[in-house]
Enquirer: 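For reference, the structure I am asking about is given below.
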Amino acid sequence: MNKLTLTRPDDWHLHLRDGEVLPDLVSHTARQFSRALVMPNLKPPVTTVQQAKQYQQRIIDAAKKAGYPNFLPLMTLYLTDKTLPSEVDLAVENGLVGVKLYPAGATTNSDAGVTNLQQCDATIARMAELGLALLVHGEVTHQGVDVFDREAVFIDEVLDPLRKRHPRLKVVFEHITTKQAVDYVEQASTTDQGQIAATITAHHLLYNRNAIFQGGIRPHYYCLPILKREVHRQALLSAATGGSKKFFLGTDSAPHAKHLKEHPCGCAGCFTAAQAIELYAQAFDSVGKIQQLEGFAAFHGADFYGLPRNQEQITIEKKTQKVPASYTMGKELLVPLNAEESLEWSFLG
Ligand code: DOR
Ligand code: ZN
């Protein structure tokens, strides 16, 4: 079977940035996806519902300008130590779909993130009451913990205690990278009122940490949470392709200008939006599970967030394509993951 038609997918974790780069960036995602859940880690971060609504409008305008009038950006709020429960009420009234937890210092533009999660308990309690999801960047930040262990330690030190304090809270464990995270999400009881699900990126399904060091240091494979050992990649691949509704697509496509990636202190983030569905197809196909792609890419996320499934369809084909060396991003160049390499699948539209 060379062609596969599936329901148009959604990207449940995406970085679009802002300003003059927005039309260039949004077009890559809107070409393939119906909706995307847009991350709020701008400079300054999107900490109020008013800012989120204004940002949403700028994305809609940019998508229209790029020729995609039907693309729907879904919005999140950046949680800080000072976010009030009343902002949660406003978020729900205004159709925001989640609140994003960045532990302070964990990743790009996370300086304003949460320093002590217990200070946010009243706000999180309100989220649990209203059913608004908490989207979690799951890494501890203390220097004593090895960068490859930050996710596993986060589960024991932060995530599990948080879910015990707020048993009704809806949680999305974002861009999981370890077997420990897969096991934690799988084992969480489905009868819990507070459900937990996880997004998985294409790059964590396709690569282990060797990719960062293959023949020299390769900055375009550097992201956070960082790529892990093969045993973890295998666990992610089984979770994504196994049909469980707890796992769904979130690219975490995170554009940075070429000169800031290829830099003595390069930024974290892989740009995958332009070939997103092809990368996932390659991962699913590698284990003979291409038929499971539609659920993962188009159904599980919508169902978790309580949103309607998309009606349109897309078609992909098992046909080689060459990834461009770069794209334009405003006045800068943007290098995609797999630049100038061949991919096995192509997006037909
Ligand atoms: O690699 C990453 N890049 N991880 C994140 O959590 C943030 C993202 C970004 O915004 O560049
Ligand atoms: Zn992200």
Side-chain angles (χ1 to χ4, degrees), residues 10-19 21-22 25-26 28-29 33 36-47 55 59 73-79 97-114 133-141 147-148 150-151 154 158 171-178 181 197-207 209 211-212 218-228 248-263 265-273 276 279 301 329-330 332 334-337:
D10 298 310
D11 184 350
W12 296 103
H13 185 124
L14 177 68
H15 298 272
L16 280 180
R17 317 306 186 202
D18 203 358
V21 299
L22 203 45
L25 293 176
V26 78
H28 295 295
T29 293
F33 294 93
L37 214 176
V38 182
M39 292 298 120
N41 63 332
L42 302 181
K43 273 188 215 166
V46 180
T47 54
Y55 182 32
I59 299 168
L74 301 167
M75 307 311 288
T76 52
L77 208 60
Y78 186 114
L79 185 67
V97 299
V99 174
K100 179 73 194 267
L101 163 65
Y102 286 106
T107 187
T108 309
N109 299 341
S110 62
D111 303 351
V114 172
L134 182 70
L135 282 50
V136 176
H137 181 112
E139 291 191 287
V140 294
T141 54
V147 68
F148 293 99
R150 287 180 177 179
E151 184 174 283
F154 182 89
V158 184
V171 175
V172 183
F173 197 170
E174 296 285 356
H175 43 55
I176 58 169
T177 62
T178 57
T199 54
I200 306 181
T201 78
H203 43 290
H204 289 98
L205 292 176
L206 288 168
Y207 301 105
R209 63 192 195 177
I212 312 167
R218 292 181 176 252
H220 296 289
Y221 289 84
Y222 173 57
C223 63
L224 288 171
I226 199 160
L227 295 172
K228 304 292 193 303
F248 45 84
L249 186 157
T251 61
D252 198 18
S253 179
H256 291 276
K258 179 178 189 321
H259 72 99
L260 295 175
K261 288 289 291 174
E262 298 170 9
H263 185 275
C265 187
C267 295
C270 299
F271 177 67
T272 54
L279 291 168
M329 179 172 72
E332 306 283 355
L334 172 61
V335 179
L337 195 74

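What you are looking at is a predicted structure, and each value in this text was computed from that prediction instead of being measured. Below, each value reflects all heavy atoms present in this structure, side chains not excepted, and no hydrogens, waters or symmetry copies. In listed order, ligands and their atoms are each counted from 1. Residues take their numbers from the sequence shown, with the count starting at 1.
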Enquirer: Can you find an N/O atom of Ala268 closer than 3.5 Å to an N/O atom of ligand 1?
Expert: yes
Enquirer: Any idea which atoms of ligand 1 are less than 4.0 Å away from a heavy-atom of Ala254?
Expert: 3 (N), 8 (C), 9 (C), 11 (O)
Enquirer: Ignoring hydrogens and angles, tell me if any N or O in the side chain of Thr76 forms a donor-acceptor pair with the backbone of Val97 under 3.5 Å.
Expert: no
Enquirer: Could you name all protein N, O or S atoms found under 2.8 Å from the Zn ion (ligand 2)?
Expert: His13 NE2, His15 NE2, Asp252 OD1
Enquirer: Looking only at distance, does Gly269 have an N or O less than 3.5 Å from an N or O of ligand 1?
Expert: yes
Enquirer: So, does Thr199 use its side chain to make a donor-acceptor pair with the main chain of Leu249 at under 3.5 Å?
Expert: no
Enquirer: Residues in side chain to side chain donor-acceptor pair (under 3.5 Å) with Lys261, at least two apart?
Expert: none
Enquirer: To which of His203, His256, His137 does the heavy atom nearest atom 11 (O) of ligand 1 belong?
Expert: His256
Enquirer: Verify, without hydrogens or angle tests, whether His15 (side chain) and Pro255 (backbone) share a donor-acceptor contact under 3.5 angstrom.
Expert: no
Enquirer: Can you see whether Thr178 engages Lys228 through a side-chain donor-acceptor pair at a distance of less than 3.5 angstrom?
Expert: no
Enquirer: Under 4.0 Å from a heavy atom of Asn41: give me the atoms of ligand 1 that qualify, with their elements.
Expert: 9 (C), 10 (O)
Enquirer: Please check: side-chain N/O of Tyr78 versus main-chain N/O of Gly113, any donor-acceptor pairing under 3.5 Å?
Expert: yes
Enquirer: Any side-chain heavy atom of Lys258 within less than 4.5 Å of one from Glu332?
Expert: no
Enquirer: Please answer whether the main-chain N or O of His13 pairs with a side-chain N or O of Glu174 as donor and acceptor at a distance below 3.5 Å.
Expert: no
Enquirer: Within the distance-only criterion (no hydrogens, no angle test), does the side chain of His204 pair as donor or acceptor with the backbone N or O of Pro225 below 3.5 angstrom?
Expert: yes
Enquirer: Side chain of Tyr55, backbone of Arg17: donor and acceptor closer than 3.5 Å?
Expert: yes
Enquirer: Kindly identify the option in Asp252, Leu224, Leu16, Thr107 whose heavy atom sits closest to atom 1 (O) of ligand 1.
Expert: Leu224
Enquirer: Is the closest heavy-atom distance from Arg17 to ligand 1 below 4.0 Å?
Expert: yes
Enquirer: Indicate yes or no for a side-chain donor-acceptor contact from Asn109 to the backbone of Asn41 under 3.5 Å, with no hydrogens or angles considered.
Expert: yes
Enquirer: Near Cys223, which atoms of ligand 1 are under 4.0 Å from a heavy atom of that residue?
Expert: 1 (O)
Enquirer: Which part of Met39 is near ligand 1, with near meaning a heavy atom under 4.0 Å away: side chain, backbone, both or neither?
Expert: neither
Enquirer: Does Tyr102, backbone or side chain, put an N or O under 3.5 Å from an N or O of ligand 1?
Expert: no
